[in-house]
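A quick write-up on the structure given underneath.
Every number for a ligand or one of its atoms is a count from 1 in the order of the listing.
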Amino acid sequence: MSKYGTIVIKIGSSTLTTKEGKLDIANLTRLASEMAEQLKDNGKKIVITTSGAIVTGAEKLGIRGKLKSIPEKQAAAAVGQSALMRQYEKAFEIFGLPVAQVLLTREEVSDEQKRINAYHTFKTLLELNVVPVVNENDTVAVEEIKVGDNDRLSAYVAELIKADLLILLSDIDGFYLKSQSDIPFKVEEVTEITEEIRTAAGHPSTQLGTGGMITKLQAVEICSPAGITVVIADGREKGALAKILVGDKVGTIFHPQGKKQKGGKV
Ligand code: ADP
């Protein structure tokens, strides 16, 4: 039995988008079913942070290719958000689990009074066995009030609800470093973010893509002092999420430096 009772699961855009640039309903449904078992049988509490609203909206509106302006993206997100929620609703409905839409901006995760309000809402939802599905409130979030990416948003949510574990589901099965002979290898456990790790996350010479790990390390840095473990895993690998939820070692595990605060847990 896993020691993790309260878990935040971030589902990245790559996990929710098909090759054709559409919402990947099949993968969303599979992930929901891997969570449902743990929610129903093992009494775990799960909060999802989801990407995919813009892609879903663009698909609904028949817009192909990249959206250019910010208002265009915000409009697509507004259309997509409800359609995306409908898919979560359908996926969890099969297991008799209701979902709740929670839209946040930086204000709610940094302003003390708003934090308290949000905390109480999460607490009540989880007590009612509802699955909160969180996203940034793109309709109103302009630059100044944006968290900016769902890796950090998820970390703020995990910290807010005093979660035990944050799982970042991505298109890669963990954090990679390069050996002396330049061969990439997956790091299984991290106890400290070293310079080597920082460089591998941000440096194009790692040849591992866009530097999408920078925001994931920032998420680790938000979670670590609060005693929250972070796991990076592949959102397309069947059964990976279920294994993490029962406490198996999958992907890359970042062990926290801080101790978990007692009390006030949702
Ligand atoms: P998502 O939104 O699904 O989390 P991102 O593109 O933000 O996806 O992050 C994942 C990407 O980060 C990987 O596909 C990879 O190209 C890139 N990346 C950069 N550095 C590393 C690294 N050191 N280890 C693993 N992946 C890395």
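The side chain of I172, and not its backbone, has at least one atom closer than 4.0 Å to an atom of ligand 1 (non-hydrogen atoms only; side chain from C-beta on). When heavy-atom distances to ligand 1 are checked against a 4.0 Å cut-off, R236 has no atom that comes that close, whether in backbone or side chain.
Short contacts between ligand 1 and F175, defined as distances under 4.0 Å to a heavy atom of the residue, involve ligand atoms 23 (N), 24 (N). Listed by number with element, the atoms of ligand 1 under 4.0 angstrom from any heavy atom of K10 are 2 (O), 4 (O). Interface of K216 with ligand 1, defined as ligand atoms under 4.0 Å from a residue heavy atom, comprises 1 (P), 4 (O), 5 (P), 7 (O), 9 (O). Near G174, the atoms of ligand 1 lying under 4.0 angstrom from a non-hydrogen atom of the residue are 25 (C).
Within 6.0 Å of atom CD in E93, more than 12 heavy atoms from other residues, nucleotides or ligands are found, so the atom counts as buried in its surroundings.
By the 4.0 Å heavy-atom criterion, D171 is counted among the residues contacting ligand 1. Distances from ligand 1 to the non-hydrogen atoms of S51 include no value under 4.0 Å.
No side-chain N or O of D138 forms a donor-acceptor pair with one of Q81 less than 3.5 Å apart.
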I'd like to know whether T121 forms a side chain to side chain contact (heavy atoms under 4.5 Å, CB included) with T124, so could you lay out the CA-CA distance, the side-chain angles of the two residues, the decisive distance to 0.1 Å, and finally the verdict. CA-CA 5 Å; T121 306; T124 309; 6.0 Å; no
Show the atom names and distances, to 0.1 Å, of all donor-acceptor pairs under 3.5 Å that link a side chain in residues 237-254 to residues at least two apart or in another chain.
from	atom 1	to	atom 2	distance (Å)
K249	NZ	E189	OE2	2.9
T252	OG1	F175	N	2.7
T252	OG1	V187	O	2.6

Sequence neighbours left out, cut at 3.5 Å: what donor-acceptor pairs do the side chains of residues 25-32 make with other protein atoms?
from	atom 1	to	atom 2	distance (Å)
N27	OD1	R30	NE	3.1
N27	OD1	R30	NH2	2.7
N27	ND2	T15	O	3.0
N27	ND2	G235	O	3.1
T29	OG1	I25	O	2.7
R30	NH1	E34	OE2	2.8
R30	NH2	G235	O	2.9

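Between R236 and D171, none of the side-chain N atoms (NZ, or NE/NH1/NH2) sits under 4.0 Å from a carboxylate O, so this pair counts as no salt bridge.
Close N/O approach between S170 and ligand 1 is found [any backbone or side-chain N/O within under 3.5 Å].
No path of Ile, Leu, Val, Met, Phe, Trp and Tyr side chains, each step under 4.5 Å between heavy atoms, connects L104 with I7, placing them in separate hydrophobic clusters.
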